[in-house]
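Written out below as structure tokens is the structure these notes cover.
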Amino acid sequence: MCGIVAYIGPREAYPVIMKGLKRLEYRGYDSAGVALLEKDLRVYKKQGRVAALEESIIGQDLHAHTGIGHTRWATHGEPSDRNAHPHLSASGRLAMIHNGIIENYTQLKKELTKKGYSFKSDTDTEVLLNFIEDIQENNNCSLEESLRIALKRVTGAYVIVLLDRNHPDTIIAARKGSPLVIGIGKGEHFLASDASPIIEYTKEVVYVNDYELAIIKCDELILKNLGNEKITPFVQKLDLELTAIEKGGYEHFMLKEIFEQPETIFDCLRGRLDVTKGTITMAGVQNNIDKLTNAKRIIIVACGTSWHAGLIAEYIIEEICRIPVEVEYASEFRYRNPVINHGDVIFAISQSGETADTIVAIEKAKEQGAFIFGIVNVVGSSIARISHAGAYTHAGPEIGVASTKAFTAQMVVLIMIALKIAYEKQTLTEDRYIQLLTELQAIPEKVKELLRTSEHIRNLALKYKNVKDALYLGRGNNFPVALEGALKLKEISYIHAEGYPAAEMKHGPIALVDENLPVIFSAPKSFYHEKLVSNIQEIKARKGKVLAVISEGDEVIEKMADDIMTVPLADELISPLLSVIPLQLFACYLGMAKGYDVDKPRNLAKSVTVE
Ligand code: F6R
């Protein structure tokens with residue numbers, strides 16, 4: 001989704017902004033632009049990549065110490081030069097960038113049109129900008145004051161950043177519902193949608209909260225609420241290294257992130273799991289253990305891949321904690337007046353911590369008195385801050401748009417939480433508990449081992465590269481793995497794919513099976529083995545091609561399947577941690593074989609900050 005970068009200070013603003021925009025490319029976008037302010041205000045923008053913008057303005061005057069930059073992911077108005085940000089106000093005095101959606105922009109536009117305003121773009125952003133300028137002109141007040149008045153009328157989500165040609169020493173920003181981080185340097189400030197454009201300059205940051213305004217000069221940062229009261233900025237230290245957001249020799253971030261999983265899973269377990277002592281240490285869980293063990297019901301809210309992690313957790317939590325679990329798409333949950341009872345606990349799962357639907361779902365549940373436990377990757381993100389308690393997944397920055405390492409880290413955290421609750425509730429025998437801790441500890445090594453088969457998976461991707469559709473099947477907690485495998489293939493290779501519980505196949509999808517349809521089974525060793533064997537036979541009898549993820553040593557399925565991808569043996573309860581990885585690799589290699597940019601799949605955004 002839209003990316004925002006701004007700079008004010010002694011450096012040249014343009015290179016800082018362009019580098020920052022490139023770091024935010026992973027969020028997904030279709031056009032880019034920059035506004036530079038020195039004695040005059042210059043705006044350059046272009047449809048397409050940041051590199052195309054750069055090329056188009058070679059030779060222009062790019063000198064300035066204050067500037068704002070933007071990558072746009074179209075919401076109102078097609079991707080085009082004229083809809084790209086920054087936008088200029090009618091007088092040409094103000095420039096603005098915006099991430100989010102102004103929901104009542106049609107009404108505002110009508111009012112402005114009546115007053116004689118016309119618009120150069122189709123965007124809600126240009127409407128808001130002129131609305132702000134109109135207020136300023138009619139009330140003869142400061143830009144800050146007019147912004148405050150305007151925001152009280154606005155519904156929707158936004159981060160906006162404004163420049164005023166008459167005040168080159170100031171940047172004004174405001175936030176509601178979309179992320180904004182301010183980096184504090186020596187006599188300089190950096191603004192961005194996340195910390196990645198900032199870390200090479202400073203590790204001191206302030207996360208702006210909803211309904212806050214920031215007035216930023218080289219050596220001054222003032223935060224205020226919409227009531228014009230000053231707020232003391234809470235300065236935090238970033239625990240992030242530059243190398244973590246670079247490709248480190250891999251062709252693509254997605255590939256790098258898949259291969260990082262032995263380390264990310266290890267990092268997620270480190271300091272938490274101790275097999276010798278038989279303990280799991282998670283402060284967020286420990287401090288709220290009564291709420292968690294006494295939960296009457298756990299409702300998991302999430303979107304996309306995070307929702308799949310929630311589905312896997314449902315199997316595990318119900319199995320070992322004996323607490324009923326419901327898994328909800330946040331986008332549905334937020335609008336359907338859900339029944340929340342005393343004793344319900346909400347688990348909100350999100351890589352970015354900024355997914356708009358998940359944020360609102362949490363807020364709704366919070367209003368009804370639910371206890372919110374966030375499982376989040378991005379430290380300091382909105383969901384981390386609005387949850388009552390939580391646990392970070394510690395997967396490090398995930399730049400590839402398709403989630404991979406964050407997914408396995410989410411599962412690890414959810415498994416540890418389930419184990420901790422089960423241990424406290426004594427719904428698990430001591431032996432089984434220790435057995436599962438031991439199994440979990442062994443996962444990073446097993447992931448390392450399975451990644452050694454990557455060349456084989458690359459060859460399979462080449463073999464299946466030209467298929468038009470694929471059906472993914474699994475049972476038990478490997479059913480959500482099938483969903484995730486299908487999602488990865490759709491996102492990265494644009495091949496139509498569907499995931500189903502294997503037994504449901506007979507109730508419909510089997511009609512699709514013929515010699516052209518690959519059916520991909522997530523079938524590591526489990527209670528369902530014999531049943532899956534029957535399902536595979538049913539596919540083979542209809543001439544379908546079977547590609548199966550199996551545990552090493554499974555000669556039965558190996559003989560039946562056309563192709564196999566093997567994973568090390570693991571306890572069935574945690575086997576999705578392994579079985580999903582060949583499917584991630586398969587999708588990634590297939591997308592690469594088709595020549596697609598696997599890090600930036602078309603139409604997708606990394607962090608979906610609008611509903
Ligand atoms: C798929 C993917 C998305 C996200 C979803 C939720 O590969 O990445 O489906 O999982 O947009 O995002 P978060 O986890 O940031 O809330």
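Just follow the structure's listing: the first ligand is 1, and inside any ligand the first atom is 1.
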Quiz prompt | Listed once per pair and sorted, the ring pair (Phe, Tyr, Trp, His ring centres under 6.0 Å) pairs that draw on residues 589-611, sequence neighbours left out | solution = Y494-Y596
Exercise. Report the relative orientation of the aromatic rings in H70 and H85; use parallel for angles under 30°, tilted for 30 to 60°, perpendicular for over 60°.
Key: parallel
Exercise. Quick one: do E449 and K446 satisfy salt bridge (Lys or Arg N to Asp or Glu O under 4.0 Å)? Show the steps, please.
Key: CA-CA 5 Å; E449 194 183 322; K446 290 185 182 178; over 6 Å; no
Quiz prompt | Pair listing, side chain to side chain donor-acceptor pair (under 3.5 Å) test, anchored in residues 357-373, at least two apart | solution = R334-D357
Quiz item: Between atom OG1 of T202 and atom CD1 of I182, what is the distance when rounded to the nearest 0.5 Å?
Solution: 12.0 Å
What donor-acceptor contacts under 3.5 angstrom involve side-chain atoms of residues 390-400, with partners at least two apart or in another chain?
| unit_1 | atom_1 | unit_2 | atom_2 | d |
| --- | --- | --- | --- | --- |
| Y392 | OH | G380 | N | 3.0 |
| T393 | OG1 | V376 | O | 3.3 |
| T393 | OG1 | N377 | OD1 | 2.9 |
| E398 | OE1 | S403 | OG | 3.0 |
| E398 | OE1 | K606 | NZ | 2.6 |
| E398 | OE2 | S403 | OG | 3.4 |
| E398 | OE2 | T404 | N | 2.8 |
| E398 | OE2 | K405 | N | 3.3 |
| E398 | OE2 | A406 | N | 2.9 |

N/O contact list for ligand 1, threshold under 3.5 Å:
| unit_1 | atom_1 | unit_2 | atom_2 | d |
| --- | --- | --- | --- | --- |
| ligand 1 | 7 (O) | T305 | OG1 | 3.3 |
| ligand 1 | 7 (O) | S403 | N | 2.9 |
| ligand 1 | 7 (O) | K488 | NZ | 2.9 |
| ligand 1 | 7 (O) | E491 | OE1 | 2.8 |
| ligand 1 | 7 (O) | E491 | OE2 | 2.9 |
| ligand 1 | 8 (O) | V401 | O | 3.4 |
| ligand 1 | 8 (O) | S403 | N | 3.3 |
| ligand 1 | 9 (O) | T305 | N | 3.2 |
| ligand 1 | 10 (O) | T305 | N | 3.0 |
| ligand 1 | 12 (O) | T355 | OG1 | 3.4 |
| ligand 1 | 14 (O) | S306 | OG | 2.6 |
| ligand 1 | 14 (O) | Q351 | N | 2.7 |
| ligand 1 | 15 (O) | S350 | OG | 3.4 |
| ligand 1 | 15 (O) | Q351 | N | 3.4 |
| ligand 1 | 15 (O) | S352 | N | 2.8 |
| ligand 1 | 15 (O) | S352 | OG | 2.6 |
| ligand 1 | 15 (O) | T355 | OG1 | 3.4 |
| ligand 1 | 16 (O) | S350 | OG | 2.6 |
| ligand 1 | 16 (O) | T355 | OG1 | 2.4 |

